[in-house]
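Encoded as structure tokens, the structure appears first; notes follow it.
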Amino acid sequence: MDLKVPEKERLIYLDFLKVLAIFFVCFYHYNNLNIDFLTNQKISVYFNYFFKGLASTGAPLFFMVNGALMLNNNYNLKKHIKKITNIIALTFIWGIITLLILSVISGKVYSNRDFLYALWTWETDTINHLWFLQSLACIYILFPLIKEVYDKKDKKVLIYTFFIFFIFTFGNVLLNILFNLLEFIMGTNFITANYLNFFNNFNLFKGFYAYSIVYFILGGLIKQNLSQIKSNDKMKLIILLLLGNFCLFMYGLVMSKSNGGVFDIVWTGYDTIMTLIMCIALFKSAYLIKNSLSKMHYIIELIGQNTLGIYLIHRIVGTILYPYYQLLTCSTNLIANILFGMLVMIVSLLLTLLLKKIPFFKILFKI
């Protein structure tokens, strides 16, 4: 997340994308929005569900920013291998730290065997958020190969590589979406989400969040061609963003009514065409407003430089604060939830900055 960029070379629009991404992550993990439109038909409930769909861009934007920075710069293989080792080590170290702290907060007692099992399976609602670092490690492992293809003057191999990654990830999910819509029209229900692997064992990326590589490569390609974006494209990009979110929202309605439960359009949205479109729109929009962002460069850069720390700590901060937030009468209000997401982000930032001042803890926030 926090790739080291010299201060004079920091790109404000990329930092801004990281700020958006970490906010959406905090907002998604810790909100008390009323989105149960199956039992409550108020327009505000539908709007809450629509807004929540924007959070599906959170993790993907991080992959895009990483791709934008790494694919358009040189690298040292020896240092890169060290980064891979650091990411894997940090994932397990923070898995252990988070499990220990959350067990104290919740009063849950693990046997040695249960603790190791929870760590190895990345236990849901405690450390499963570390899937991001696992995917990032996989990208870093493949990066030297991707970089070789990316740098070739003949782009045929890059197009082929991108297409292969795309078809087995986004393509597979798109087939699921079409199949689910057909089920809804026909009044049947064979699959409940986007989990059917249409390519069976011919799918190269079965069991791996390989859609992250699509975002990674796309981030590099967009940054490489930013000069082609025109200032009068802003409205088109806003429409594209809203259209992508609206289609994701509509798909969520169909799936919710089909399955009898509110469909999670954030987690299941990451590898959909709709979220991909939204991420492209946000990436290009951030570039177009970079001059306006410079007015807030200090806070944007501060958060942008510390998104890894915020990501690692926010689960602990959110777990502590969330029960108290739920007691508020306004806790289901959209504005209140946006503010609470910001609060979790800011408190996590302050703790990160504090811990970074301690020599030993500083290495826990560095890839």
Side-chain angles (χ1 to χ4, degrees), residues 1-21 57-77 79-80 83 135-136 138-167 169-170 210-234 236-238 240-241 244 270-271 273 275-294 297 300-301 304-305 307 367:
M1 283 183 180
D2 303 336
L3 293 178
K4 188 65 177 176
V5 181
E7 196 65 32
K8 64 179 181 180
E9 297 179 12
R10 291 200 73 86
L11 300 173
I12 189 70
Y13 69 94
L14 292 182
D15 275 329
F16 177 69
L17 288 171
K18 291 168 71 177
V19 173
L20 272 183
T57 63
L61 284 175
F62 278 126
F63 292 124
M64 291 183 77
V65 171
N66 271 269
L69 290 171
M70 292 180 66
L71 288 172
N72 294 297
N73 288 289
N74 296 323
Y75 78 104
N76 179 285
L77 183 59
K79 291 181 179 179
H80 183 75
K83 281 186 177 182
S135 291
L136 194 63
C138 292
I139 292 176
Y140 273 49
I141 290 170
L142 292 172
F143 175 73
L145 303 177
I146 298 172
K147 178 66 171 168
E148 285 294 317
V149 173
Y150 184 84
D151 287 343
K152 283 184 176 294
K153 291 183 179 180
D154 185 350
K155 297 302 178 183
K156 291 180 182 177
V157 180
L158 177 60
I159 293 171
Y160 171 80
T161 302
F162 185 83
F163 176 79
I164 291 300
F165 278 110
F166 184 89
I167 201 69
T169 54
F170 286 90
Y211 62 82
S212 58
I213 301 178
V214 174
Y215 284 113
F216 184 81
I217 296 175
L218 193 60
L221 291 172
I222 293 176
K223 183 178 183 296
Q224 196 177 60
N225 296 281
L226 284 175
S227 59
Q228 299 178 13
I229 304 174
K230 302 175 182 178
S231 58
N232 58 5
D233 288 337
K234 288 181 182 178
K236 296 177 184 177
L237 291 172
I238 292 173
L240 198 62
L241 173 66
Y270 293 151
D271 50 0
I273 301 294
T275 297
L276 184 68
I277 290 172
M278 287 193 285
C279 287
I280 293 172
L282 283 172
F283 197 109
K284 292 183 177 182
S285 296
Y287 176 75
L288 288 177
I289 63 171
K290 63 182 185 299
N291 292 332
S292 300
L293 295 174
S294 61
H297 73 93
I300 291 175
E301 288 176 4
Q305 290 170 345
T307 48
I367 293 177

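One is the number of the first residue; the rest follow in order along the sequence.
Inter-residue side-chain proximity for Leu136 and Phe62 is flagged as unmet; no heavy-atom pair is nearer than 4.5 Å. In this structure, the side chains of Tyr13 and Phe283 come closer than 4.5 Å at one or more pairs of heavy atoms. Two residues are said to be in side-chain contact when any heavy atoms from C-beta on lie closer than 4.5 Å; Ile217 and Val149 fail this criterion. Counting heavy atoms from C-beta on, the side chains of Phe16 and Leu282 never come closer than 4.5 Å. Using a 4.5 Å cut-off on side-chain heavy atoms (C-beta onward), Tyr287 and Leu14 make no contact. At least one side-chain heavy atom of Phe162 sits less than 4.5 Å from a side-chain heavy atom of Val214. Two residues are said to be in side-chain contact when any heavy atoms from C-beta on lie closer than 4.5 Å; Leu218 and Phe63 fail this criterion.
Gln224 CD: more than 12 foreign heavy atoms inside a 6.0 Å radius. By the 6.0 Å contact criterion, NE2 on His297 is open, its count of non-hydrogen atoms from other residues, nucleotides or ligands being 12 or less. Within 6.0 Å of CG in Asn232 there are more than 12 heavy atoms belonging to other residues, nucleotides or ligands. Within a 6.0 Å sphere centred on NZ of Lys155, other residues, nucleotides and ligands contribute more than 12 heavy atoms.
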Trace of the side chain to side chain contact (heavy atoms under 4.5 Å, CB included) decision for His80 with Met70: CA-CA 11 Å; His80 183 75; Met70 292 180 66; 3.8 Å; yes
Thr161/Ile146 under side chain to side chain contact (heavy atoms under 4.5 Å, CB included): CA gap, chis, key distance, verdict: CA-CA 8 Å; Thr161 302; Ile146 298 172; 5.7 Å; no
Derivation and outcome, side chain to side chain contact (heavy atoms under 4.5 Å, CB included), residues Ile139 and Ser212: CA-CA 8 Å; Ile139 292 176; Ser212 58; 3.6 Å; yes
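Heavy atoms only, all atoms of each residue included: Ile12 and Glu301 are closest at CD1-CG, 4.2 Å. Residues Ser285 and Leu237 share a closest heavy-atom pair of OG-CB, 3.4 Å. Shown here for Met278 and Leu241, the closest heavy-atom pair between the two residues is CG-O, 3.5 Å. When all heavy atoms of Pro60 and Tyr270 are compared, the closest pair comes out as CD-CD2, 3.7 Å. Nearest heavy atom pair, residue Ala286 against residue Leu293, reads O-CD1, 3.9 Å.
Here OG1 of Thr169 is found 8.5 Å from CD1 of Ile213. Values are rounded to the nearest 0.5 Å. To the nearest 0.5 Å, atoms CE (Met64) and OG1 (Thr57) are separated by 10.0 Å. Distance CG/Asp15 to OG1/Thr307: 8.0 Å, rounded to 0.5 Å.
No donor-acceptor distance shorter than 3.5 angstrom exists from the side chain of Tyr75 to the backbone of Lys147, with no hydrogens or angles considered. Between the side chain of Lys284 and the main chain of Cys279, no donor-acceptor pair closer than 3.5 Å is present. Judged by distance alone, with hydrogens and angles left aside, the side-chain atoms of Lys18 form a donor-acceptor pair with the main-chain N or O of Gly304 at under 3.5 Å. Under a 3.5 Å cut-off, the side chain of Asn225 and the backbone N or O of Gln228 do not form any donor-acceptor pair.
Between Phe216 and Phe143, the two ring planes are perpendicular [angle over 60°; tilted spans 30° to 60°]. Tyr211 and Tyr215 have perpendicular rings, their planes meeting at more than 60° on a 0 to 90° scale where under 30° would count as parallel.
Checking Asn66, Thr275, Val19, Leu17 one by one against Leu61, the side chain to side chain contact (heavy atoms under 4.5 Å, CB included) holds for a single residue, Leu17.
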